[in-house]
Amino acid sequence: MAIDMLGSPVKRTEDPRFITGKGRYLDDIKLQNMAHMAILRSPYAHANIRSIDTSAAARMPGVIRVITGADIPYNPLPMAWPAGGSSGIQNNVNTPRALATDSVKWTGEGVAAVIAETPEQAVDALDAIVVDWAPLPAVVDAEKATQPGAPQLHENAPNNVVFVWNVGDKAGTDAAIDAAEVVVRQRIVNQRLIPNPMEVRGDIGWYNPGTEEYTVWMSSQTPHIQRLLLTAFVTGIPEHKVRCISPDVGGAFGTKIFCYADMALVMFASKAIGGRPVKWVESRRESYGSTIHGRDHITYLEIAGARDGQVTGLRVKTYANLGGRLSTIGPGIPTTLYGRVLAGPYKFPNVSCEVTGVYTNTTFVDAYRGAGRPEATYVVERAMDLFAAEIGMDPAEVRRRNFLAPDQFPYDNPSGLGTAVNGEKIFIDSGNYEPAMDKALATVGYADMAAKKAEAKARGKLLGVGLSTYIEVCGVAPSKWIGAVGEGWGAAMWESANIKVHLTGKIIATVGTQPQGQGHETTYAQVIAHELGVPMEDVIVQHSDTQGTPFGYGSYGSRTSSVGMTAAVKAAAKVREKARRYAAHMLEANVEDIEVDGASYRVKGSPDKVKTIQEIAFAIDLGFSLPPDMEPYLDETAYHDTTNCTWPFGTHVAVVEIDEESGKVDLVRYVAVDDVGKKINPMIVDGQLHGGIAQGVGQALWEGAIYGDDGQLQSGSLLDYALPRASWLPNLELDETVTPSPVNPLGVKGVGEAGAIASTAAVANAVVDALRPLGIRHLDMPYTAQTVWRAIQGSKGGQA
Amino acid sequence: MIPAAFDYQRSATLDDALKAIADGGGTVKLLAGGQSLLPLLKLRLGSADRLVDIGRLGELKGVRRLPDGRLAIGAMTTYSELAASSARHYGVVADALPTIGDVQVRNRGTVGGAVAHADPASDLAACFLALDAEIVARSVRGERTIPVDGFFTGPFSTALATDELITEVRLPGPRDDAGSAYASLEQPASGYAMVGAAVVVFVAGDGSIEGANVALTGVGPHPYRARAVEAALAGSDRSAASLAAAAAHATDGIDVVGDIHAGREYRTAMAAVYTRRAIEAALARLG
Ligand SMILES: Cc1cc2nc3c(=O)[nH]c(=O)nc-3n(C[C@H](O)[C@H](O)[C@H](O)COP(=O)(O)OP(=O)(O)OC[C@H]3O[C@@H](n4cnc5c(N)ncnc54)[C@H](O)[C@@H]3O)c2cc1C
């Protein structure tokens with residue numbers, strides 16, 4: 001009997017190749033006769049293009065062809081997720097083209113491309129392209145961009161507004177706030193982040209003149225979707241003439257979900273030069289303008305409640321900066337994935353939220369790890385702390401008084417989760433929030449914090465402790481709900497898996513999801529090996545190629561385990577069923593009498609009448625003696641459309657110490673109790689939490705994109721954009737509660753984003769807690785030493 | 001990140017290298033550890049027609065004690081080699097080295113490169129200023145010794161002529177009455193000092209401060225000696241108030257720089273804080 005590895009912390013089968021440099025990433029692919037492309041990017045944040053002269057560049061050594069936007073007949077990129085539900089809210093859409101033609105809207109927008117024999121020659125020739133620019137005034141701040149007199153980016157978007165979207169009960173919330181004993185108001189900024197996956201993006205396009213088919217290699221989380229978008233919306237090339245392949249992907253964090261201009265460009269370029277493959281790989285610096293950014297909200301929040309700690313209303317107005325043009329699902333992130341989960345784990349009787357999506361002269365903004373949910377968590381968790389401080393109650397106690405109780409599920413929250421869309425509702429199906437918080441508080445020694453603060457003060461340090469009691473929605477979503485016009489991205493969200501048990505008993509599973517470092521090859525194999533009773537090493541998981549894998553929507557939104565692996569469980573069940581039928585045929589028994597025990601299929605009551613799945617596969621796959629109603633090959637495909645999202649939750653607690661003299665913040669302890677349902681591989685779960693927490697802490701303490709008023713990105717490289725380093729983090733103390741998700745057979749919820757969703761608010765609350773004795777009640781992130789120092793100085797001047 | 005094309009030449013002898021830069025007239029650049037030069041070329045912020053690699057010149061490597069007790073550090077000595085040499089007995093050097101870049105940078109970056117490059121935030125530059133080091137420069141015209149104070153003339157500029165190569169840096173011999181330390185506040189993205197203070201204090205038999213050398217980096221257009229702090233420390237007692245009062249002069253007469261990470265006001269305040277901390281740490285080393 002094979003040892004069942006489901007739930008075990010087995011080492012990742014993909015790691016030996018990644019760790020020893022044998023991964024095969026986009027830039028490792030070198031095709032015969034391959035040419036190289038470099039893209040000329042706008043040095044201006046906002047400018048009209050009067051003319052482009054490529055003649056000198058075309059004569060540079062090694063140059064094969066220079067392309068401008070005027071050469072390319074393709075449509076603009078699609079906008080797949082407008083804001084607004086089915087309510088008909090207007091979205092003023094502008095999306096990028098393969099190359100900009102008349103104007104540029106941010107520094108880094110592509111305006112011309114050089115195809116040359118070598119990457120060096122392509123880059124050198126960029127300098128020889130002459131663009132006659134007519135620079136225009138720029139605006140980078142989303143709130144300012146909506147005000148009268150601001151520079152206008154697009155004719156169809158007056159005041160730079162993409163949309164105004166509302167959710168929740170406006171009248172009810174207004175009334176609750178008017179009637180409340182206590183109302184706390186605060187403007188808070190969730191600053192723009194630059195995602196920085198280790199591997200930057202790139203593509204290779206190859207037009208095969210013989211078959212008139214295209215192959216596009218792309219560092220993408222979604223090769224199937226890209227084929228659909230590039231063919232049906234952008235190029236007009238028939239879908240079956242294009243194959244998309246994602247090789248090993250070295251991190252993505254959401255940035256590689258989208259349809260990018262360069263994908264269409266390499267397709268066009270390859271055909272334009274007669275079918276030589278064309279490769280483009282962005283540099284890190286280029287990436288800051290050519291790959292999406294995340295977050296960037298300015299929010300006015302109002303929280304209402306009573307002095308006994310009960311909250312009664314949350315009113316939120318947010319300006320969401322979406323950049324110079326819209327990325328593929330940009331508007332969906334600050335609306336559905338933000339407004340609808342603003343209430344967090346609390347029983348707010350009233351919530352209302354208005355989001356204004358705004359164009360500015362900045363890089364486009366779309367889903368970045370957590371996508372909307374970190375922003376929502378930040379708002380509600382800061383709101384709870386502000387409210388607690390106002391009424392003088394411990395923030396843990398305020399949370400305790402407002403948590404949804406375990407018997408209140410399924411719960412339809414007031415920011416409209418339960419709103420029927422296409423006749424389909426989703427609910428928060430399960431949760432048990434207090435035990436997770438109690439566990440975290442006990443671990444961190446919450447009761448002793450006053451003594452710890454006094455002790456730190458004696459050392460010149462301000463100690464603060466902060467909570468984030470988060471919920472998160474993942475495993476998105478029932479297709480009917482997410483696919484409704486406007487609510488979702490106009491597409492479905494099911495997943496797929498095919499399992500083939502080959503003649504020798506070895507199993508190849510192909511899946512529609514797409515790993516970016518999460519270890520899917522390991523976890524899928526754990527699940528399938530468990531389902532079929534075979535050793536894990538007998539299962540191989542293939543993905544990432546539209547040729548040879550069933551259509552799938554890819555990996556993001558922490559959906560692979562709950563949606564994709566459920567498809568694998570279903571495919572395995574079909575395999576078992578067919579094997580059972582054939583076992584009955586081989587053993588001359590009735591199907592109903594065949595019992596499945598791991599890999600063994602035996603006749604009930606006759607233990608020696610048994611066939612293994614390997615023996616059965618050999619016989620079915622040969623097909624020499626099939627019963628008349630059976631087809632050869634042990635090969636089954638299943639599609640799974642979930643009935644609900646999944647709802648991880650937990651409590652994170654951060655302890656910080658601030659050096660009063662310099663303002664430098666040190667994170668000294670970090671405790672996280674997460675409930676992500678059952679775990680397929682606890683080691684991988686811990687790894688996802690470690691990385692997610694580090695990313696969220698990074699936002700709180702160090703990261704932030706900084707634009708000058710002229711639209712130049714001043715934090716334009718890793719010399720100026722600070723990513724967290726391992727040595728800056730304390731040991732992360734992880735613990736769990738386990739509430740299995742009721743919506744899938746594995747009981748899993750998803751953990752790809754939880755760390756990033758929870759941790760920012762925990763650290764922010766800790767920093768503000770440390771500063772509260774100075775009269776400071778809020779401070780915007782990131783809490784760099786200078787920012788904190790200035791706040792401390794300001795408080796001394798009595799102007800907190 | 002692709003640099004513009006350049007020629008590459010590896011020098012077999014020091015004379016080869018000196019001749020190459022003498023003939024080059026500024027378009028030829030010496031390549032030491034490459035940790036500053038290559039990023040500049042790749043970002044196309046700098047250019048060179050030819051790089052002359054001095055990485056194999058053994059005579060520029062290593063740390064040796066001169067007969068008079070001084071320490072001579074070869075220009076091609078890497079940060080990591082320096083940390084393993086007897087230079088580590090200077091507290092200020094031992095403190096500063098681990099804050100420079102990361103392991104890879106310290107394994108490649110050289111003492112000569114750090115001094116010649118003259119980054120306004122160079123850590124080692126401040127240490128050498130506080131230690132009253134001397135820089136030995138050679139060209140086809142001959143050799144000269146340049147005191148480090150005055151060597152740094154502005155951001156990325158020095159008293160070195162375009163045909164000169166640094167062969168070594170000399171530090172005064174150790175003194176029993178001296179204690180030294182380095183304290184810095186790093187810019188989190190780059191790891192460079194937003195403020196770095198290097199201090200050597202000399203203490204009299206009665207425990208009072210006889211004098212001090214105080215240097216700052218990251219604060220002004222180039223690393224500098226903070227003479228006003230030194231003057232205030234000379235003859236001062238060791239009370240916290242006296243040290244803070246002296247350190248408050250850290251930026252006297254300096255055109256303090258500001259950037260997105262630390263504005264002028266913050267840098268000025270931190271210069272005083274980190275100078276005081278370095279003084280305290282230097283004194284603590286003396287017991
Ligand atoms: C990621 C990273 C982080 C860093 N962090 C820090 C930090 O925290 N603190 C810090 O101080 N520095 C830091 N540095 C810079 C590092 O210290 C450099 O290595 C050093 O400044 C230059 O030394 P090099 O040997 O690499 O010189 P190179 O880059 O080879 O040369 C630099 C310049 O000096 C010239 N030169 C080199 N040797 C000589 C010589 N013997 N005579 C005359 N001219 C010469 C070259 O022609 C060139 O113009 C960092 C660098 C990197 C890449």
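Chain naming here is simple, since letters A, B, ... match the order of the sequence lines and numbering starts at 1 in each. Keep in mind the model is a prediction, meaning the values are calculated, not measured. Quick note: numbers below take in every heavy atom, side chains included, and nothing from hydrogens, waters or symmetry partners.
If you measure heavy-atom distances from A/Leu719 to chain B, the contacts under 4.5 Å come from both the backbone and the side chain. With a 4.5 angstrom heavy-atom cutoff, A/Pro119 touches chain B via backbone and side-chain atoms both. For B/Met1, the parts sitting under 4.5 Å from any heavy atom of chain A are the backbone and the side chain alike. Of the two parts of A/Ala38, neither the backbone nor the side chain holds a non-hydrogen atom closer than 4.5 Å to a non-hydrogen atom of chain B.
When the candidates B/Gly263, B/Gly191, B/Pro3 are compared by the number of heavy-atom contacts under 4.5 Å with chain A, B/Gly263 comes out ahead.
Every residue meeting the side-chain contact (heavy atoms from CB on, under 4.5 Å) condition with B/Pro155, not counting sequence neighbours, appears here in chain and number order: B/Pro120, B/Pro221. Shown here are the side-chain contact (heavy atoms from CB on, under 4.5 Å) partners of A/Leu729, two or more places apart in sequence or in another chain: A/Leu667, A/Ala694, A/Val697. For A/Ala56, the side-chain contact (heavy atoms from CB on, under 4.5 Å) criterion is met by A/Arg59, A/Ala128, not counting sequence neighbours.
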What are the sub-3.5 Å donor-acceptor pairs between chain A and chain B, distances to 0.1 Å?
from, atom 1, to, atom 2, distance (Å)
A/Asp124, OD1, B/Arg44, NH1, 3.2
A/Asp124, OD1, B/Arg44, NH2, 2.7
A/Asp127, OD2, B/Arg44, NH1, 3.4
A/Asp659, OD1, B/Arg277, NH2, 3.1
A/Asp659, OD2, B/Arg277, NH1, 3.1
A/Asp659, OD2, B/Arg277, NH2, 2.9
A/Glu661, OE1, B/Arg276, NH2, 3.1
A/Glu661, OE1, B/Arg277, NE, 3.3
A/Glu661, OE1, B/Arg277, NH2, 2.8
A/Glu661, OE2, B/Arg276, NH1, 2.4
A/Glu661, OE2, B/Arg276, NH2, 3.3
A/Ser662, O, B/Tyr266, OH, 2.6
A/Leu719, O, B/Gln187, NE2, 3.0
A/Leu719, O, B/Ser190, N, 3.4
A/Asp720, OD1, B/His261, NE2, 2.8
A/Arg725, NH2, B/Pro188, O, 3.4
A/Arg725, NH2, B/Ala189, O, 2.6
A/Gln786, OE1, B/Gly263, N, 2.5

